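Heads up: the structure comes next, in structure tokens.
Below, all heavy atoms of this structure are taken into account, side chains as well, without hydrogens, waters or symmetry copies. Worth saying up front: this structure is predicted, and the values here are computed from it rather than measured. Protein chains get the first letters and strands the later ones, always in sequence-line order, with residue 1 at the start of each.
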2 protein chains.
Amino acid sequence: MLSNTNNELLAKGSERHDHERCISDALIRAQKLCQDQKQRLTRTREQVLRLIWQSHQPVGAYSIMDTLAESEGKRVAPPTVYRALDFLLDLGLIHRINSLNAYIGCQSPGHQHHSCFLICQQCQLALEFEPELLKNQIEALQQHSGFAISQQNIELLGTCPQCQQ
Amino acid sequence: MLSNTNNELLAKGSERHDHERCISDALIRAQKLCQDQKQRLTRTREQVLRLIWQSHQPVGAYSIMDTLAESEGKRVAPPTVYRALDFLLDLGLIHRINSLNAYIGCQSPGHQHHSCFLICQQCQLALEFEPELLKNQIEALQQHSGFAISQQNIELLGTCPQCQQ
DNA sequence: ATTTGCTGTGTTATATTGTAACACAGCTAA
DNA sequence: TTAGCTGTGTTACAATATAACACAGCAAAT
């Protein structure tokens with residue numbers, strides 16, 4: 001039901017998963033997707049994606065900007081970051097968490113691009129889950145309301161297992 | 001399943017419902033809620049609520065500010081509006097639509113305050129639905145993830161029946 | 001290899017949304 | 001009537017995002 005196995009997911013809040021692997025996998029998926037779609041994963045875009053994948057907490061655009069400026073050793077202006085973010089959003093490589101004005105890596109880019117997250121209000125851990133879980137209910141909602149739903153944007157706020165302890 | 005009967009709901013996009021009644025009902029509910037909770041529905045707060053209820057489309061804070069300034073005949077500063085909005089949000093009288101940075105009246109204030117909307121990307125009609133509909137699935141999600149979910153923030157984007165024609 | 005055009009970047013300025021901080025007004029309860 | 005709390009006015013500013021324009025640099029076609 002969730003994006004990966006439970007163990008993997010629960011591990012994200014802790015130190016238990018191989019995060020280097022997590023990042024490099026994401027970058028490889030991105031490269032592959034760009035090849036397939038004949039898009040260019042330029043240095044800036046890749047850097048921004050890498051920064052976003054540094055954690056499983058959503059990061060703000062200005063925070064990305066600052067980190068990027070530091071690692072590049074020169075000032076980086078907002079449009080630079082926002083262009084990269086727009087590119088990544090368009091390809092479905094990242095999601096925007098509206099309730100936090102922040103961005104987070106997508107587990108399975110290339111799919112129909114719904115955005116479904118469990119978000120911890122204490123540590124900001126954001127856990128993506130499959131829209132599949134709500135499929136039938138959303139379908140019923142479409143039928144009853146007459147709406148044609150094209151994008152799900154679901155943010156469930158609460159407390160993650162780690163922070164409950 | 002939806003907040004009202006289907007007919008009423010579907011009518012909101014069109015001219016078919018008695019919108020004056022819709023507004024005055026909302027204001028009466030607000031007055032009652034404030035009485036119960038021993039809160040003061042001041043002139044500014046009531047004005048803001050009334051403006052928000054002018055339509056079933058979410059309105060931005062600065063748009064409220066401008067309209068208010070016009071109707072009051074004098075400049076209104078952002079904090080004035082944001083304070084009223086915060087008050088109304090706290091009481092559950094309105095919702096914030098995060099994907100639009102905008103605010104909309106709540107159909108049934110006083111309930112556990114989840115925010116579940118169908119939003120038309122063409123006309124911005126925002127239709128609230130009952131979180132009840134997804135209750136079982138959210139419950140299952142809590143079980144599997146270990147998260148304790150305290151607030152649902154669901155925005156389903158698409159096209160309303162009117163705009164599909 | 002050169003040209004041509006498109007895509008991406010740099011830069012400046014500015015728009016939009018939301019808050020902090022502080023002084024004061026005005027209601028409410030003793 | 002006063003004391004204290006809640007709400008408002010006002011100024012300044014923070015945080016997030018975009019417009020517009022000049023230029024760079026890759027990529028396909030000649």
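- Side-chain atoms of B:E72 and B:Q47 form a donor-acceptor pair, as typed in the model, at a separation below 3.5 Å.
- Taking atom NZ of B:K38 as the reference point, atom P of C:dA29 lies 10 Å away to the nearest angstrom.
- Taking a cutoff of 4.0 Å between a charged side-chain nitrogen and a carboxylate oxygen, A:E139 and A:K135 do not qualify as a salt bridge.
- Taking atom CG of B:D86 as the reference point, atom C1' of D:dT8 lies 14 Å away to the nearest angstrom.
- The side chain of A:T80 contributes an N or O atom lying less than 4.0 Å from OP1 or OP2 of C:dG10.
- Between A:F87 and B:Y103, the residue anchored closer to the 5' end of DNA chain C is A:F87, taking for each the nucleotide with the nearest heavy atom.
- In the set C:dT17, D:dT8, D:dT16, D:dT8 carries the atom at the smallest distance from any side-chain atom of B:T42.
- Between the P atom of C:dA29 and the CZ atom of B:R40 lies a distance of 10 Å, rounded to the nearest Å.
- When each of C:dT12, C:dG8, D:dT16 is scored by its nearest atom to the side-chain atoms of A:N101, the top-ranked nucleotide is D:dT16.
- Salt bridge A:D36/A:K32: present, at least one basic N to carboxylate O contact under 4.0 Å.
- In terms of phosphate contacts, B:T44 brings a side-chain nitrogen or oxygen within less than 4.0 Å of OP1 or OP2 of D:dT8.
- Atom CG of B:L156 and atom CD1 of B:I119 lie 8.0 Å apart (nearest 0.5 Å).
- Ranked by how close their nearest DNA chain D nucleotide is to the 5' end, B:P78 and B:R43 are led by B:R43.
- At whole-Å resolution of the value, CD in B:Q47 and P in D:dG7 are 17 Å apart.
- Residue A:R45 has its side chain nearest to C:dG8 when only D:dT16, D:dA19, C:dG8 are considered.
- C:dA21 atom C1' lies 18 Å from atom OH of B:Y82, rounded to whole Å.
- Atom CZ of B:R83 is separated from atom P of D:dG7 by 11 Å (rounded to the nearest Å).
- Per the stacking criterion (ring centres < 5.5 Å, plane angle < 30°), B:Y62 does not stack onto the base of C:dT16.
- Hydrophobic clustering (side-chain heavy atoms under 4.5 Å, transitive across Ile, Leu, Val, Met, Phe, Trp, Tyr) keeps A:L127 apart from A:I97.
- Distance, B:D66 CG to C:dT16 C1': 12 Å, rounded to whole Å.
- Put simply, CD on A:Q39 is 6 Å from P on C:dG8, counting in whole angstrom units.
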